[in-house]
Amino acid sequence: MSRLQVVSGKGGTGKTTVAAALALALATEGKRTLLVEVEGRQGIAQLFETEALPYEERKIAVAPGGGEVYALAIDPELALLDYLQMFYKLGGAGRALKKLGAIDFATTIAPGLRDVLLTGKACEAVRRKDRAGRFAYDYVIMDAPPTGRITRFLNVNDEVAGLAKIGPIHNQAQAVMRVLKSKETAVHLVTLLEEMPVQETADGIAELRAAKLPVGRIVVNMVRPEVLDAADLELVRSVPRSSVARALSTAGLGGARRGGNAEKLVDPLLTQAAEYAERYALEHEQRAVLAEQGLPLHELPLLAEGMDLAGLYELATELRKQGMS
């Protein structure tokens, strides 16, 4: 597995949930993972039922086997202060610039610089080692922007081309791109078995490949259980209404006389079956589109009880079973 795992997806597909579950899945057998948030939504804190994350790496969970999950919410302004201190040793002058609003101004008028700061912080965590020469984290998982913006966000080398041809900013962007375009990185796409998310996933994969960014896997989230298979649905379409009514009556669901309880259940049941058949066909069509992308495909179930911390651990277990650890 690549050491930098970037998770993107269309809004509403649950990419933050998948990123969090992946961080838990990878933090097994004593491993350490860092879960990075770059959009300022504090979605990670909500999932792990903890207070809002500060701009510092903080342990938020222990995975099965004793592994640890740390989290970091990257603040572009504070990241720029770090950058100014690292390359220009501004110290207090940098803090003064922040008070004057110069930091916010710089990250607003130069969105390419903002992306360099966000991706650069994650890449620094990937490369960081302790005094013994061991990596500080076994894996870094980034909850990245949505699919429509992911290629531009990661392709920071192009983003800063108009900002600096030489100097520290240029060098930082080059260093970031060396990580993002290497085998150390994998960009995963989260989708649902619905037409729009699947199409956006296919488009995102094409854009990432065109930019020579390493595409990892597709994760289909919130997959509903299969109640009827193709043979069952064909039987539903062909069986006479009277046979359905008799079967219901035999099962003890009302009398078979016309107007009885069994008769009243036939139409709602057949309507529900028709709706399920339509969804079944749509989902199989979308699976075929995803299969055409030529990437490993994983599926996570829709949790009937909704998403909470226990559900997050359940999804992490499922990812481990499917080989994403």
Side-chain angles (χ1 to χ4, degrees), residues 1-8 16 18-38 44-45 47-48 50 53-75 78-87 89 115-144 154 156-157 168 171-188 213-217 219 296 312-313 315-317 319-325:
M1 294 288 286
S2 301
R3 296 191 58 252
L4 176 58
Q5 307 274 318
V6 180
V7 180
S8 181
T16 300
V18 173
L22 181 58
L24 278 169
L26 291 170
T28 56
E29 303 304 324
K31 291 185 173 62
R32 286 161 52 98
T33 63
L34 175 64
L35 180 56
V36 176
E37 183 176 78
V38 299
I44 293 172
L47 282 170
F48 284 93
T50 186
L53 296 174
Y55 181 58
E56 64 181 37
E57 293 160 21
R58 171 178 293 179
K59 187 167 75 171
I60 59 171
V62 176
E68 297 176 328
V69 177
Y70 287 74
L72 170 67
I74 302 178
D75 183 307
L78 296 177
L80 181 52
L81 287 177
D82 284 349
Y83 176 87
L84 293 174
Q85 175 60 24
M86 183 183 305
F87 292 104
K89 309 298 182 187
D115 292 345
V116 170
L117 295 169
L118 294 171
T119 54
K121 192 69 177 178
C123 290
E124 182 275 326
V126 171
R127 297 190 300 260
R128 190 192 314 156
K129 294 183 178 181
D130 60 21
R131 292 181 180 178
R134 296 170 300 193
F135 285 115
Y137 295 102
D138 295 287
Y139 299 100
V140 176
I141 298 88
M142 181 193 293
D143 177 21
L154 293 176
V156 292
N157 191 49
N171 294 339
Q172 171 74 352
Q174 291 287 339
V176 168
M177 291 311 301
R178 281 195 293 272
V179 174
L180 294 179
K181 290 194 173 184
S182 73
K183 292 181 180 180
E184 284 191 288
T185 300
V187 185
H188 308 305
L213 288 161
V215 188
R217 307 177 184 214
V219 180
L312 200 57
Y313 276 85
L315 294 183
T317 299
L319 287 175
R320 285 198 300 272
K321 288 180 180 177
Q322 296 185 31
M324 285 195 72
S325 62

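Each residue takes its place number in the sequence, starting with 1.
- Taking all atoms of both residues into account, the shortest heavy-atom contact from Pro214 to Ser182 is CG-O, 3.8 Å.
- Every residue two or more places apart in sequence or in another chain was checked for a salt bridge (charged side-chain N to carboxylate O under 4.0 Å, His left out) with Arg127, and none qualifies.
- Remark: Ser2 engages no residue in a side chain to side chain donor-acceptor pair (under 3.5 Å) (not counting sequence neighbours).
- Here the CG atom belonging to Asp130 is positioned 10.5 Å from the CZ atom belonging to Phe135, to the nearest 0.5 angstrom.
- With values rounded to the nearest 0.5 angstrom, Leu180 atom CG is found 7.0 Å from Met142 atom CE.
- In this structure, the side chain of Ser8 does not engage the main chain of Ala144 through any donor-acceptor pair within 3.5 Å.
- Counting heavy atoms from C-beta on, the side chains of Lys121 and Val36 never come closer than 4.5 Å.
- Across every non-hydrogen atom of Leu47 and Ala20, the tightest pair is CD1-CB, 3.9 Å.
- When all heavy atoms are compared, the tightest approach of Leu319 to Ala25 is CB-CB, 4.1 Å.
- Looking at residues two or more places apart in sequence or on another chain, you find a ring-ring contact (aromatic ring centres under 6.0 Å, His included) between Tyr137 and Tyr70.
- Scanning for salt bridge (charged side-chain N to carboxylate O under 4.0 Å, His left out) contacts around Arg128 gives Glu57, Glu124, with sequence neighbours left out.
- For the atom pair CG of Asp75 and CG of Leu53, the computed distance is 12.0 Å after rounding to the nearest 0.5 Å.
- Residues passing the side-chain contact (heavy atoms from CB on, under 4.5 Å) test with Ala27, sequence neighbours excluded: Thr33, Ala63, Val69.
- Residues meeting the salt bridge (charged side-chain N to carboxylate O under 4.0 Å, His left out) test with Arg131, sequence neighbours left out: none.
- Of all heavy-atom pairs between Phe48 and Ile60, the closest is CD1-CD1, 3.4 Å.
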Derivation and outcome, side-chain contact (heavy atoms from CB on, under 4.5 Å), residues Val179 and Thr185: CA-CA 7 Å; Val179 174; Thr185 300; 3.8 Å; yes

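- Scanning for side chain to side chain donor-acceptor pair (under 3.5 Å) contacts around Lys181 gives an empty result, with sequence neighbours left out.
- Checked against side-chain contact (heavy atoms from CB on, under 4.5 Å), Ala19 has the following partners two or more places apart in sequence or in another chain: Val7, Leu35, Ile141, Asp143.
- For Arg3, the side chain to side chain donor-acceptor pair (under 3.5 Å) criterion is met by no residue, not counting sequence neighbours.
- Interatomic distance, Leu34 CG to Leu26 CG, rounded to the nearest 0.5 Å: 12.0 Å.
- Not a single salt bridge (charged side-chain N to carboxylate O under 4.0 Å, His left out) links Lys321 to another residue, sequence neighbours left out.
- Residues satisfying the side-chain contact (heavy atoms from CB on, under 4.5 Å) test with Arg217, not counting sequence neighbours, are Met1, His188, Pro296, His298, Met324.
- Among all heavy-atom pairs drawn from Tyr313 and Ala61, the shortest one is OH-CB, 3.8 Å.
- Annotation: side chain to side chain donor-acceptor pair (under 3.5 Å) contacts of Thr317 (sequence neighbours excluded): Arg320.
- Across every non-hydrogen atom of Gly120 and Val176, the tightest pair is CA-CG2, 3.6 Å.
- At distances below 3.5 Å, not a single donor-acceptor pair connects side-chain atoms of Gln5 with backbone N or O atoms of Leu22.
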